[in-house]
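Here is the structure we will look at.
Whatever order the structure lists them in is the order used to number ligands and atoms, beginning at 1.
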Amino acid sequence: MTELRTFRLPETVTGSDDDVELGRQLIAAWQADGILQIATDAVQDRKTEAAMAASRRFFHDLTLEEKSRFVSDLTYAGYIASGEEVTDGVADYSEIFTVCKDVPLDDSRVVDRWPCHGPVPWPDARYRDAMREFMAMLGEAGEKILMLAALGFGHDADAFTRLTADGWHHMRVLRFPTRSGAVDRGIGAHTDYGMLVLAAQDDVGGLYVRPPIEGEQRPRNWLPDESAAGCFQEADGWTYVEPVPHVFTVFPGDVLQFLTGGRLLSTPHKVLLNTRERFTMAYFHEPNFEAVVRPLDDPHGDDVIHYGTHFTNMFMRCYPDRVTTRRIVEEDRLTVLSELRSGTRHSRTG
Ligand SMILES: O=C(O)CCC(=O)C(=O)O
Ligand SMILES: [Fe+2]
C-alpha cells in the first residue's frame, strides 16, 4: 500500500475554513484507506513512551499468576490472559490489560448494579498514572478529530462530540507473543465499537486493516444478527499498517458508521503474530454509556444505538467465561440496561 496520509491537528478547532477543509481531508483519507495518521510532538511522544514502558514492565516483570489477580467481576477492566479472549468463537493470542472508566465502589451506578461499572484493578499507581496521561492525550485528539469530521460533513462542530461528554472511553494495552510454529493468529478480524480508535504501536508490526471496497456490504456490528467478528478474515483486500514513528493511527468505529449512515465505515482490522513480540495500545474514544445515538440524517427515526448496551453486548461476546460476564448474567444486570434504554430507570445524567 502507498503510505498512509498524515495530518497535524490544530491547537483548537474553531470552525474556520481551514478546519472545514482539514475535516474533509480526514473523511477522504478514511474513505480511501480506512485509517489515517496524526503526527505527534515531543511531549506526546514522551507520554506514549511512558505508557509503553509501564506496559512492558507489567507484562514482563509479573508472573501469569500475579497478573491474573488484576481482574474484577464488576468491570471488564483488568488483565486478560493470552487465549482468554475470543473473536468469532476462536481464541486470540494477545495478552491484554483493559482500562475502563474507573468508577468508585460508592458511585450510585455501581451500587445500583449497572453492568460494566466498577473500579479499575490497577497493578500500581505508576502504571495508572502513565495510562491516564496517555489516555487524556488521545482523548483531546479524539475530540478535535470528531469536531473536524463533523465540520467536514457540513454539520455543526459538536454534532459528534455532544455524544462524548463524560464518554465511556477505554483502552486495551496489548502484548503479542512471538509467532511459534504454524500459529500466526494475534486477534481475529473485528471492528471496534464506538466513535474512534486511536492507537500507538511499536516498531514490530502485525496490524492489518480493510479499507472500504466499492460494492462490499459491511456488517452493522450493533445488530444482533450482523457480527463483524471474523468477517472477511481470509479474504483478499487487507492492507498492512507499517509502523511509523511519531504518529498515532486513527480509524472509525461502529457508532461513527451508524451516525453517518455508512459514509464512514467502521474499519475491520486483524492482527497477525510476528517474529518478535509486539506491544501496542489501542484507545477507544466513545459516546457516554447512556448515549442514545441516532443517525445524523434521521434524528427522529426509530433506528438507535444505546451505546452502553452495545458495549456490554460486545464485551460479553468477547469474554463469555469471564467472572464479569457471569456476574452480569447471575445478577440479571441486563435488566438494568433495558430499564435505562426504556427510560423506566432513572439515568444518572438525567
Ligand atoms: O494490535 C493492534 O494494533 C490492534 C489491536 C486491536 O485491534 C484491539 O485491541 O482492538
Ligand atoms: Fe480492534
Side-chain angles (χ1 to χ4, degrees), residues 4 33-38 48 51-52 55-56 59 76-88 90-100 131 134-135 138 142 168-179 184-211 218-219 221-222 227-233 238-245 247-257 265-274 276-286 310-311 314-315 317-319:
L4 296 179
D33 302 330
I35 187 168
L36 56 80
Q37 294 175 156
I38 300 291
T48 306
M52 277 284 187
S55 166
R56 283 173 192 276
F59 286 130
Y76 285 99
Y79 182 66
I80 297 154
S82 178
E84 184 182 344
E85 174 177 285
V86 293
T87 298
D88 194 30
V90 184
D92 294 329
Y93 283 98
S94 46
E95 67 174 327
I96 306 168
F97 191 94
T98 304
V99 181
C100 292
M131 295 310 166
F134 178 68
M135 291 176 77
L138 292 182
W168 194 252
H169 312 313
H170 55 284
M171 177 163 76
R172 284 151 56 86
V173 183
L174 303 111
R175 173 187 168 271
F176 293 89
T178 304
R179 184 171 64 215
D184 70 353
R185 182 188 176 95
I187 299 179
H190 66 281
T191 58
D192 292 310
Y193 316 136
M195 298 282 204
L196 296 172
V197 183
L198 297 92
Q201 59 173 332
D202 68 10
D203 64 347
V204 173
L207 174 65
Y208 293 76
V209 297
R210 188 170 189 82
R218 292 288 168 91
N221 197 38
W222 55 91
S227 172
C231 234
F232 314 113
Q233 174 84 29
W238 294 90
T239 55
Y240 174 63
V241 180
E242 180 94 41
V244 170
V247 299
F248 50 80
T249 55
V250 187
F251 57 77
D254 296 340
V255 169
L256 214 44
Q257 176 176 329
L265 294 173
S266 186
T267 299
H269 53 290
K270 63 181 180 179
V271 183
L272 298 185
L273 301 181
N274 211 325
R276 286 189 288 149
E277 70 173 344
R278 170 172 180 264
F279 291 86
T280 180
M281 297 177 291
Y283 164 84
F284 307 97
H285 200 70
E286 308 291 279
H310 184 43
F311 176 90
M314 293 299 97
F315 272 69
R317 184 169 91 186
C318 289
Y319 309 107

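- Residue D192 touches ligand 1 through its side chain alone, judged by heavy-atom distances below 4.0 Å.
- Of the heavy atoms in F284, only side-chain atoms (C-beta onward) come closer than 4.0 Å to ligand 1.
- Listed by chain and number, the residues in a ring-ring contact (aromatic ring centres under 6.0 Å, His included) with F59 amount to none (sequence neighbours excluded).
- Looking at N221, its side chain does come within 3.5 Å of a backbone N or O of A228 through a donor-acceptor pair.
- Heavy-atom proximity to T280, at under 4.0 Å, picks out these atoms of ligand 1: 1 (O), 2 (C), 3 (O).
- D202 places a side-chain N or O within 3.5 Å of a backbone atom of V204 that can act as its donor or acceptor partner.
- Atoms of ligand 1 found under 4.0 Å from any heavy atom of L174, numbered from 1 in the order shown, are 5 (C), 9 (O).
- S227 places a side-chain N or O within donor-acceptor distance of the main-chain N or O of A229, the cut-off being under 3.5 Å.
- Using 4.0 Å as the threshold, H269 has a heavy atom nearer than that to some atom of ligand 1.
- S82 places a side-chain N or O within 3.5 Å of a backbone atom of Y93 that can act as its donor or acceptor partner.
- Within the structure, ligand 1 lacks K270 among the residues with a heavy atom less than 4.0 angstrom away.
- Between Y76 and H170, a ring centre-to-centre spacing not shorter than 6.0 Å is recorded.
- Contacts between H190 and ligand 1, counted as non-hydrogen atom pairs separated by less than 4.0 Å, involve the side chain only.
- Scanning both residues, T267 and G34, for their nearest heavy atoms gives OG1-O, 2.6 Å.
- Taking CG of D203 as the start and CZ of R278 as the end, the distance is 10.5 Å to the nearest 0.5 Å.
- F97 does not carry R175 over the face of its six-membered ring by the limits of under 6.0 Å from the centre and within 45° of the normal.
- Nearest heavy atom pair, residue I187 against residue T87, reads CG2-OG1, 4.1 Å.
- Atoms of ligand 1 found under 4.0 Å from any heavy atom of F176 (numbered from 1 in listed order, with element): 1 (O).
- Ranking the protein heavy atoms by distance from atom 3 (O) of ligand 1 puts R278 NH2, 2.8 Å first.
- Under a 3.5 Å cut-off, the side chain of D92 and the backbone N or O of G188 do form a donor-acceptor pair.
- Each of the atoms 1 (O), 2 (C), 4 (C) of ligand 1 lies under 4.0 Å from some heavy atom of V271.
- Regarding atom 8 (C) of ligand 1, its nearest protein heavy-atom neighbour is R172 NE, 3.3 Å.
- Inside a sphere of radius 2.8 Å centred on the Fe ion (ligand 2), the protein N/O/S atoms present are H190 NE2, D192 OD2, H269 NE2.
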